[in-house]
Asker: 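Sharing a structure here in structure tokens format.
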Amino acid sequence: MKKAVPWFALAVPFSENGIIINNKEMMCFETKITEASIESIQELYAIEVMPESINIQKTKKEFTGDFTLPVFPFVKLSRKSPEQTADEIGKALKEKLDFIESYTIIKGFLNLSVSHRTWIDFLQKEIQNLAFGNIETNSDGPPVLIEFSSPNTNKPLHLGHIRNNLLGDAIARIMDANKKKVIRLNLVNDRGIHICKSMLAWQKFGANETPQTTGMKGDKLVGKYYVEFDKQYKAEIAELINQGKSKEDAEKQAPILLEAQQMLRRWEEGDKDVRKLWANMNQWVYDGFEQTYNNLGITFDRVYYESETYLLGKEIVKEGLAKKAFYQHPDGSIRVDLTEEGLDEKILLRSDGTSVYITQDLGTAVLRAKEYQPQQMIYVVGNEQNYHFDVLKRILSDKLSYDWGKRIYHLSYGMVELPSGKMKSREGTVVDADDLMEEMIGMAKQKTEELGKHDFNEVELNELARMIGIGALKYFILKVDPKKNMLFNPEESIDLNGNTAPFIQYTHARICSLLRKAGVNTLELPNYNIDVIPEAEKEILRMLYDYPVTLKQAASELNPSLLANYAYELVKTYNRFYQDTPVLKEMNDDLRHFRLQLSAFTASVIRKAMNLLGIDLPEKM
RNA sequence: GGUUCCGUAGCUCAGCUGGAUAGAGCAACUGCCUUCUAAGCAGUAGGUCAUGCGUUCGAAUCGCAUCGGAAUCACCA
């Protein structure tokens, strides 16, 4: 249950209580309150307390105040009642901190109120700051590598791949907002028995079908023959069992499987015909993938192909053998003994000298470490491979003593499950990525028309539907904590109301409309002053203030869902205000200007958060 | 069987570095459009936070045990 914090979380400047230390003089109330509290307690009770025991939190909505300090940990030291302790500390804090205007005490909770002037200053200053929330760290430092997507080329992408792609993309964006140089990697698994299965089935039953002759998307066509292979394979197994073979024997001896294995050997020998067929069919798949990636808005800086890198690992294994990090088993295979680390023995090279999955991962890890000398290597891979990455990391850092081995981080995400269980390509129980996107866009279009939005021509309507449909899909996936498994029910379509992207997009569009009608530049409004900020507005300010912290936390935990949930909370808070507070119709100039600026800044922060999730926002909807 | 992860409203999810009366959305029900976009807002109803014990001034949150679910433990990837 303990949150796994990546090793490099420390590289992000957090103070002990998780708050950013001064970024471009950004106001950080919590830090100042914490420091002043330590001082005050020292002065009042002559006792030094650790910063950890000062736990500044946001005041709950039902009480007045902005920040709360529970004083229970100090009552033993003060030898006074919680109320009296809180009062003494509150008095001292008010004196030390000019931004604290007043405080109230409820039981042992000291609720501090930040002055209205301070909040106005915050708004006026930060709305000018285009980089609000972003932070400068290691901007010239070595890059962060993020490997994600990494598809097999024998079948089309499905909803599980979508989660992987969206997480990888969002994390790359979040790291980038933290001023890290990010390299997006894709390692395409373009060779192996699975591709040979598709190739063989196509050769046998394909009748020379191509994407051109069938009008089928390339990856779909190749996937079709992968399923075709499986059908034939199963039929042959059944036949063999009928003839009296055991199930295991049948599975090993089915002629079509033997043929596929033969094809793989010919591929490895460089057989011209096989290589040509392979190159052709892979190209179909790449053309198909490109469309899917485009529609998802996913890009890469560097694509590795396994066919080019799969031999690299053998060298590493041989070196490790020479260094006695590994050993040779009597049967000829090379293995690593990780029993001391609480893991098992693991095969690194087969007895016939060919490489297994981990051999290749060792090779590509060394390759990219050499090429980029990265500060971090993040792998976005499902949690079914936790064990594999545990082994990989231990081999590289412990057994082979690569210093960068420790900087590998497996971003392990949960599976997308259907009500019927896990998705399985071979059994056809998958939610296809292209179909799902198309369906979402269709729904968005239909909804837009139902709501009688007539301000759009055909092109605009399509673009709007794309933003809403794809946005809804991305948000649906990204709002869930990455490490948790999630459920997708195809019977119930993804919502467009409530805690969804369209809700957030809609609020943004409303603000845009408001600003268009105001017809002023919100950055150049005359300086206003108001004595009392109404509660609805203050709640928005408090939410806006939270954005930088949320972004830092999302970065250090590699968790985009924090930003999704933040955006939702912000928007809900804004809508409450919008519903019954006039902005343009406000006659008091100061108030009107304040509300306009508050709205503009809110829209800007919504944009920031959603951009980090890869979600586009229309200005009208 | 070993290891790891998970269990919060009918459903999908927040909250988990211990803090005040456990929150949203969907589904159900009730109000609010002659006023800045109703893809909205306000409200009703729905909970032994899997169970038990422990630590603590205080536990959904930390520890131990039990029950239930998932993943993994390949000369597959």
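Below, chains carry the letters A, B, ... as their sequence lines are ordered, and counting in each starts from 1. Side chains are part of it too, since the values below use all heavy atoms of this structure and drop only hydrogens, waters and symmetry mates. On a predicted model such as this, the values are computed, not experimentally measured, just so you know.
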Asker: Using a 4.0 Å heavy-atom cut-off, does A:Leu514 contact any base of the nucleic acid, only the sugar-phosphate backbone, or nothing at all?
Answerer: base
Asker: Can you tell me if the side-chain N/O atoms of A:Arg510 get under 4.0 Å from OP1 or OP2 in B:rA38?
Answerer: yes
Asker: Can you check the distance between B:rA28 and B:rA45, where both ends of the measurement are the C1' atom (answer in whole Å)?
Answerer: 8 Å
Asker: Which part of the nucleic acid does A:Pro82 contact within heavy-atom distance under 4.0 Å: base, sugar-phosphate only, or nothing?
Answerer: nothing
Asker: Counting only side-chain N and O atoms of A:Asn497, is one of them less than 4.0 Å from OP1 or OP2 of B:rG40?
Answerer: yes
Asker: Dump the intermediate steps for salt bridge (charged side-chain N to carboxylate O under 4.0 Å, His left out) on A:Asp589 and A:Arg592, then the final yes or no.
Answerer: CA-CA 5 Å; A:Asp589 286 349; A:Arg592 189 176 64 254; 2.9 Å; yes
Asker: Using a cut-off of strictly less than 4.0 Å, decide whether A:Lys517 has a side-chain nitrogen or oxygen near OP1 or OP2 of B:rU37.
Answerer: yes
Asker: Distance check, C1' atoms only: B:rA59 and B:rU51, in whole angstrom units.
Answerer: 16 Å
Asker: Given B:rC36, is OP1 or OP2 found less than 4.0 Å from the side-chain N or O atoms of A:Ser513?
Answerer: no
Asker: Report yes if the distance between the aromatic ring centroids of A:Tyr310 and A:Trp267 is under 6.0 Å, otherwise no.
Answerer: yes
Asker: Please state whether the phosphate of B:rC76, meaning OP1 or OP2, lies under 4.0 angstrom from any side-chain nitrogen or oxygen of A:Arg350.
Answerer: yes
Asker: Mark yes or no for a side-chain to base donor-acceptor pair under 3.5 Å between A:Thr507 and B:rA39, with no hydrogen or angle criteria applied.
Answerer: no
Asker: From B:rG40, B:rA39, B:rC13, pick the nucleotide closest to the side chain of A:Ile468?
Answerer: B:rA39
Asker: Considering only the P atoms, how many Å lie between B:rG1 and B:rU61, rounded to the nearest integer?
Answerer: 26 Å
Asker: Taking only side-chain nitrogens and oxygens of A:Lys484, does any of them come within less than 4.0 Å of OP1 or OP2 of B:rA14?
Answerer: yes
Asker: A:His388 and A:Tyr357: aromatic ring centres closer than 6.0 Å?
Answerer: yes
Asker: Starting from P on B:rG43, measure out to CZ on A:Arg576 and report it in whole angstrom.
Answerer: 9 Å
Asker: So, A:Tyr379 versus A:Phe389, ring centres under 6.0 angstrom or not?
Answerer: yes
Asker: Can you tell me which nucleotide in B:rC75, B:rG15, B:rC36 comes closest to the side chain of A:Leu562?
Answerer: B:rG15
Asker: Can a side chain N or O of A:Tyr357 be found less than 4.0 Å away from OP1 or OP2 on B:rA77?
Answerer: no
Asker: Quick check for you: among B:rA38, B:rC41, B:rC73, whose closest atom lies nearest to any side-chain atom of A:Asp344?
Answerer: B:rC73
Asker: If we take the C1' atom in both B:rC49 and B:rC6, what is their distance in whole Å?
Answerer: 14 Å
Asker: Distance criterion of 3.5 Å, no angle test: do you see the side chain of A:Asn111 paired donor-to-acceptor with the base of B:rA20?
Answerer: yes
Asker: With respect to the side chain of A:Ala509, which nucleotide from B:rA20, B:rU37, B:rA77 is positioned closest?
Answerer: B:rU37
Asker: Measure the acute angle between the ring planes of A:Tyr566 and A:Tyr547, then classify it against the limits of 30° and 60° as parallel, tilted or perpendicular.
Answerer: tilted
Asker: What is the distance from NZ of A:Lys483 to P of B:rC16, rounded to the nearest Å?
Answerer: 10 Å
Asker: Please report, rounded to the nearest Å, how far the P atom of B:rU3 is from the CD atom of A:Glu384.
Answerer: 22 Å
Asker: Under a 90° cut-off about 0 for the syn range, is B:rC49 syn or anti?
Answerer: anti
Asker: Quantified in whole Å, what is the P atom distance between nucleotide B:rA74 and nucleotide B:rG7?
Answerer: 28 Å
Asker: Rounded to the nearest 0.5 Å, how far apart are OG of A:Ser149 and NE2 of A:His161?
Answerer: 7.5 Å
Asker: When the C1' atoms of B:rC13 and B:rG47 are considered, how many whole Å apart are they?
Answerer: 15 Å
Asker: Assign each of A:Thr59 and A:Ile193 to its nearest nucleotide of RNA chain B by heavy atoms, then name whichever residue's nucleotide is nearer the 5' end.
Answerer: A:Thr59
Asker: Between A:Arg595 and A:Glu537, does at least one N-O distance fall below 4.0 Å, as a salt bridge requires?
Answerer: yes
Asker: Taking atom types as they are modelled, would you say the side chain of A:Thr500 forms a donor-acceptor pair with the base of B:rA39 within the 3.5 Å cutoff?
Answerer: no
Asker: State whether a side-chain donor-acceptor pair under 3.5 Å links A:Asp190 with A:Asn282.
Answerer: no
Asker: Answer yes or no for this row: A:Phe72 ring on B:rG19 base, centroids under 5.5 Å, planes under 30°.
Answerer: yes
Asker: Does the side-chain ring of A:Tyr506 sit on the six-membered ring of the B:rG40 base, less than 5.5 Å centre to centre and under 30° in tilt?
Answerer: no
Asker: For B:rG40, give its Watson-Crick or G-U wobble partner with both distances under 3.5 Å, or none.
Answerer: B:rC32
Asker: What's the CG-P distance between A:Asn485 and B:rC5, to the nearest Å?
Answerer: 13 Å
Asker: Considering Watson-Crick and G-U wobble pairs with both distances under 3.5 Å, what does B:rA70 pair with?
Answerer: B:rU4
Asker: Do A:Phe63 and A:Phe109 make the cut of ring centroids closer than 6.0 angstrom?
Answerer: no
Asker: For A:Gln579 and B:rG43, give me the distance from atom CD to atom P, rounded to whole Å.
Answerer: 12 Å
Asker: Between B:rC26, B:rG40, B:rA39, which nucleotide gets closest to the side-chain atoms of A:Leu464?
Answerer: B:rA39
Asker: Between B:rA77 and B:rU72, how far is it from one P atom to the other, in whole Å?
Answerer: 15 Å
Asker: If the cut-off is 4.0 Å, is A:Lys453 near the phosphate of B:rA39, judged by side-chain N/O to OP1 or OP2?
Answerer: yes
Asker: Determine the interatomic distance between C1' on B:rC76 and the same-named atom on B:rG54; round to the nearest Å.
Answerer: 45 Å
Asker: Name the pairing partner of B:rC57, where a pair is Watson-Crick or G-U wobble with both distances under 3.5 Å, or state none.
Answerer: B:rG19
Asker: Which residue lies toward the 5' end of RNA chain B, A:Asn565 or A:Pro502, if each is placed at its nearest nucleotide?
Answerer: A:Asn565
Asker: Would you mind pulling out the nucleotide paired to B:rA9, Watson-Crick or G-U wobble, both distances under 3.5 Å?
Answerer: none
Asker: Can you tell me if A:Phe63 is stacked onto the base of B:rA20, using a 5.5 Å centroid cut-off and an angle below 30°?
Answerer: yes
Asker: What is the distance from CG of A:Leu478 to P of B:rC13, rounded to the nearest Å?
Answerer: 14 Å
Asker: Which nucleotide in the set B:rA39, B:rA77, B:rG19 lies at the smallest distance from any side-chain heavy atom of A:Gln57?
Answerer: B:rG19
Asker: If the cut-off is 4.0 Å, is A:Asn575 near the phosphate of B:rC41, judged by side-chain N/O to OP1 or OP2?
Answerer: yes
Asker: Any strand is fair game: report the nucleotide pairing with B:rG47 by Watson-Crick or G-U wobble, both distances under 3.5 Å, or none.
Answerer: none
Asker: Using whole Å, report how far CG of A:Asn499 lies from P of B:rG15.
Answerer: 12 Å
Asker: Give the rounded distance in Å between these two atoms: CZ of A:Phe594 and P of B:rC36.
Answerer: 22 Å
